[in-house]
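Okay, structure first, notes after.
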Amino acid sequence: MLTIGLTGGVGSGKSTVTQLFASLGVPVIDADELARQLVEKGQAAYYQIIDKFGQQILAEDGEINRRKLRELIFTSANNRIALESILHPLIRREIQQHIQQIDAPYCIVAIPLLIETGQANIVERILVVNAPKEAQINRTVNRDAVTPAEVEAIVAAQVGNDLRLSIADDVLQNDGELADIFPKVKALHAKYLSLAGVEVPIEPGESVKDVAESAITEQKPKVAISAPPPEITLPESKQSMQSSSVQLLADKNHNIYELPLNEKMRTFIRLEFLFSEVEHFLAGSTIWDLRSAVNALIATLSVVCRPEIKTDLMKELDRINANLAKFDSKSGVNSGVLSDLRDDLTSKSRSLRNMEGQLGQGLKQNELVSALRQRESIPGGALAMDMPSYAHWLNQSYAQCVADIQTWLASFTLVKEAVDLILSLIRGSVVAHDVVAKAGFYQLTLDPDVANQIVRVILPKNADCFPEISGGRHRFTVRFLRPNGFERPVQVEDDVTFKLICCAL
Ligand code: ATP
């Protein structure tokens with residue numbers, strides 16, 4: 001597998017470019033993220049840092065106090081060197097281990113200080129994201145609460161752009177608009193696929209992205225494809241955001257396990273499942289498919305007609321809409337696409353508000369559906385001996401039965417569209433990270449200021465264990481269990497590497 005080291009100066013656009021590669025399905029290893037994980041409580045660097053800097057480096061919750069650590073290394077070169085000598089070998093080892101686990105034509109290894117830390121030899125090619133110094137300063141000042149002088153000091157502490165460019169195999173000049181970056185990433189993507197020996201024939205009228213995505217799919221990458229964050233996604237079509245989520249769900253090589261962090265998400269995911277179930281059986285061809293489609297429709301109706309669903313959907317559409325409003329003023333965001341997306345959220349919320357009565361009310365009054373609902377909880381309760389009217393209905397032509405079910409389903413169209421939109425935006429809001437569950441156990445405390453909605457754990461289909469995820473808005477745990485015949489599953493004793501996505505929007 002080809003390994004591409006991605007680097008660049010502060011504020012040059014490394015993260016932006018990395019996320020765009022990830023949006024094309026390219027596996028990404030993020031050295032900064034690995035460093036963050038390594039200093040977490042109980043992780044490899046944790047005890048070494050306490051040994052070196054003493055207990056004073058700990059916060060009240062026992063985690064390393066990053067602010068204190070930053071102060072210590074900024075005020076003393078010896079401290080900085082000591083910390084680097086702990087972290088760099090561990091990061092290098094982690095990167096190499098992650099590379100071993102990836103099965104894809106190529107991967108991106110994002111190492112901001114690739115040159116400064118002498119890690120250029122870990123990768124086969126170097127991609128430098130380059131921006132003029134003024135742009136680096138302006139973008140960082142706009143993004144972080146820092147002064148131009150502080151950014152200048154960071155620029156001065158890093159190697160110069162000239163040196164970086166002199167060792168680059170490829171350069172992505174990020175000196176234009178935000179929207180200019182994606183075409184450059186797509187061109188590099190095609191180049192790297194081709195260098196990796198993947199044929200990328202481009203038909204007239206077919207975009208590089210289409211071709212590249214299909215090429216990646218054929219190569220069956222072992223890591224999850226993650227969607228870019230909203231500010232990157234917005235310039236692309238809304239359709240592409242939805243398909244990213246669908247890709248995640250439909251990945252042939254991975255299982256995705258989700259933990260909704262609140263009741264609304266739990267219900268929306270349940271509804272999404274039930275709608276898929278109806279659709280699946282509607283595409284079938286036997287009377288058993290028809291019966292299963294009707295059963296799934298009845299179950300859907302039971303959820304949809306709960307009194308709180310309409311309000312929950314409206315509130316969620318409005319909440320996301322308000323969150324997206326902050327992208328209005330961001331440079332580089334395609335305001336047309338953003339405004340279409342926000343219009344869609346507004347119009348769905350308004351249509352729900354304008355719907356008279358409870359959701360699913362009409363269907364509840366349908367005589368046949370209502371009789372079936374009453375027998376829903378009785379095993380085998382819809383037999384001809386109990387429900388001749390149902391047997392008679394099933395005796396019509398197959399096409400007529402399907403048409404009836406589609407008509408009934410049509411009354412849920414707005415609910416389905418709202419659920420799909422909400423879940424696709426939330427699931428597409430962040431990228432996946434590789435994390436390790438030490439001895440099969442992983443725990444994460446969530447930032448209460450972040451609107452976390454769903455935790456997703458992604459494992460290869462052939463993994464011999466499965467995650468049990470539990471928790472809530474503030475903290476969750478993942479325990480990996482191995483099936484044990486028909487006995488209780490047992491927690492695995494080995495470390496388990498998995499992809500984690502904390503979806504927040
Ligand atoms: P650092 O390493 O300092 O964390 P970085 O190199 O990863 O930063 P990004 O975070 O990708 O840089 O970009 C810095 C900021 O500049 C972000 O807010 C990003 O949205 C914005 N940005 C990146 N490229 C452009 C561009 N071409 N035009 C406008 N804004 C940009």
Side-chain angles (χ1 to χ4, degrees), residues 4-24 26 28-36 66-67 70 73-74 87 91 108-117 119 126-161 163-165 168 170-188 226-236 323-335 337-338 428-431 433 505:
I4 311 290
L6 184 149
T7 192
V10 61
S12 57
K14 299 178 296 295
S15 313
T16 310
V17 171
T18 304
Q19 283 160 352
L20 289 171
F21 273 108
S23 77
L24 292 172
V26 180
V28 168
I29 300 169
D30 181 341
D32 274 353
E33 182 54 30
L34 292 177
R36 264 192 291 278
R66 288 165 197 276
R67 194 179 46 76
R70 253 197 314 273
I73 60 171
F74 274 130
L87 279 178
I91 294 173
I108 295 286
V109 187
I111 314 180
L113 300 178
L114 180 95
I115 302 169
E116 290 87 335
T117 56
Q119 306 211 59
I126 295 175
L127 165 61
V128 169
V129 180
N130 193 51
K133 189 173 152 194
E134 307 73 63
Q136 288 182 260
I137 294 171
N138 288 340
R139 290 174 194 164
T140 312
V141 167
N142 286 340
R143 185 195 55 191
D144 304 332
V146 288
T147 62
E150 284 171 300
V151 188
E152 282 217 54
I154 300 173
V155 173
Q158 297 183 339
V159 300
N161 285 352
L163 174 57
R164 219 179 267 112
L165 291 173
D170 304 293
V171 177
L172 191 152
Q173 284 295 357
N174 184 14
D175 48 6
E177 293 290 296
L178 202 51
D180 298 340
I181 306 176
F182 204 13
K184 295 180 182 177
V185 168
K186 285 191 282 194
L188 282 166
S226 46
E231 65 258 48
I232 310 305
T233 311
L234 289 170
E236 288 299 300
N323 276 349
L324 291 183
K326 63 179 179 236
F327 296 106
D328 269 346
S329 51
K330 283 221 167 179
S331 67
V333 169
N334 183 329
S335 53
V337 174
L338 176 62
S429 59
V430 269
V431 293
H433 292 296
L505 181 63

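Atoms within a ligand are numbered from 1 in the order they appear, just like the ligands themselves.
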I'd like to know if [X] contacts ligand 1, where contact means a heavy-atom distance under 4.0 Å to any ligand atom.
| X | answer |
| --- | --- |
| Ser12 | yes |
| Gly11 | yes |
| Thr140 | no |

Relative to the heavy atoms of [X], which atoms of ligand 1 are at a distance of less than 4.0 Å?
| X | result |
| --- | --- |
| Thr16 | 9 (P), 11 (O), 13 (O), 19 (C), 23 (C) |
| Gly9 | 6 (O) |
| Val10 | 3 (O) |

_How close do Ile4 and Leu127 get, counting heavy atoms only, and between which atoms?_
CG2-CB, 3.9 Å
_Verdict with supporting geometry, Leu188 and Asp170, side chain to side chain contact (heavy atoms under 4.5 Å, CB included)_ = CA-CA 8 Å; Leu188 282 166; Asp170 304 293; 4.0 Å; yes
*When rounded to the nearest 0.5 angstrom, what is the spacing between CD1 in Ile91 and CG in Asp32?*
8.0 Å
*Spacing of CD belonging to Glu150 relative to CD1 belonging to Ile137, to within rounding of 0.5 Å*: 12.0 Å
*Side chains of Arg139 and Asn142: donor-acceptor distance under 3.5 Å anywhere?*
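Checked: Arg139/Asn142 side chains show no N/O donor-acceptor pair below 3.5 Å.
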*What's the verdict on side chain to side chain contact (heavy atoms under 4.5 Å, CB included) for Thr7 and Arg164, showing C-alpha distance, side-chain angles and the deciding distance?*
CA-CA 8 Å; Thr7 192; Arg164 219 179 267 112; 4.2 Å; yes
*Stepwise, does the side chain to side chain contact (heavy atoms under 4.5 Å, CB included) test hold for Glu177 with Asp180?*
CA-CA 5 Å; Glu177 293 290 296; Asp180 298 340; 3.7 Å; yes
Nearest neighbour of [atom] from the list [options], on a heavy-atom basis:
| atom | options | value |
| --- | --- | --- |
| atom 14 (C) of ligand 1 | Glu177, Gln173, Arg143 | Arg143 |
| atom 26 (C) of ligand 1 | Arg139, Gln19, Gln136, Lys14 | Arg139 |
| atom 23 (C) of ligand 1 | Leu178, Asp144, Asn138, Val155 | Leu178 |

_Geometric N/O contact Gly176 with ligand 1, under 3.5 angstrom_ =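 Among all N and O atoms of Gly176, at least one is under 3.5 Å from an N or O of ligand 1.
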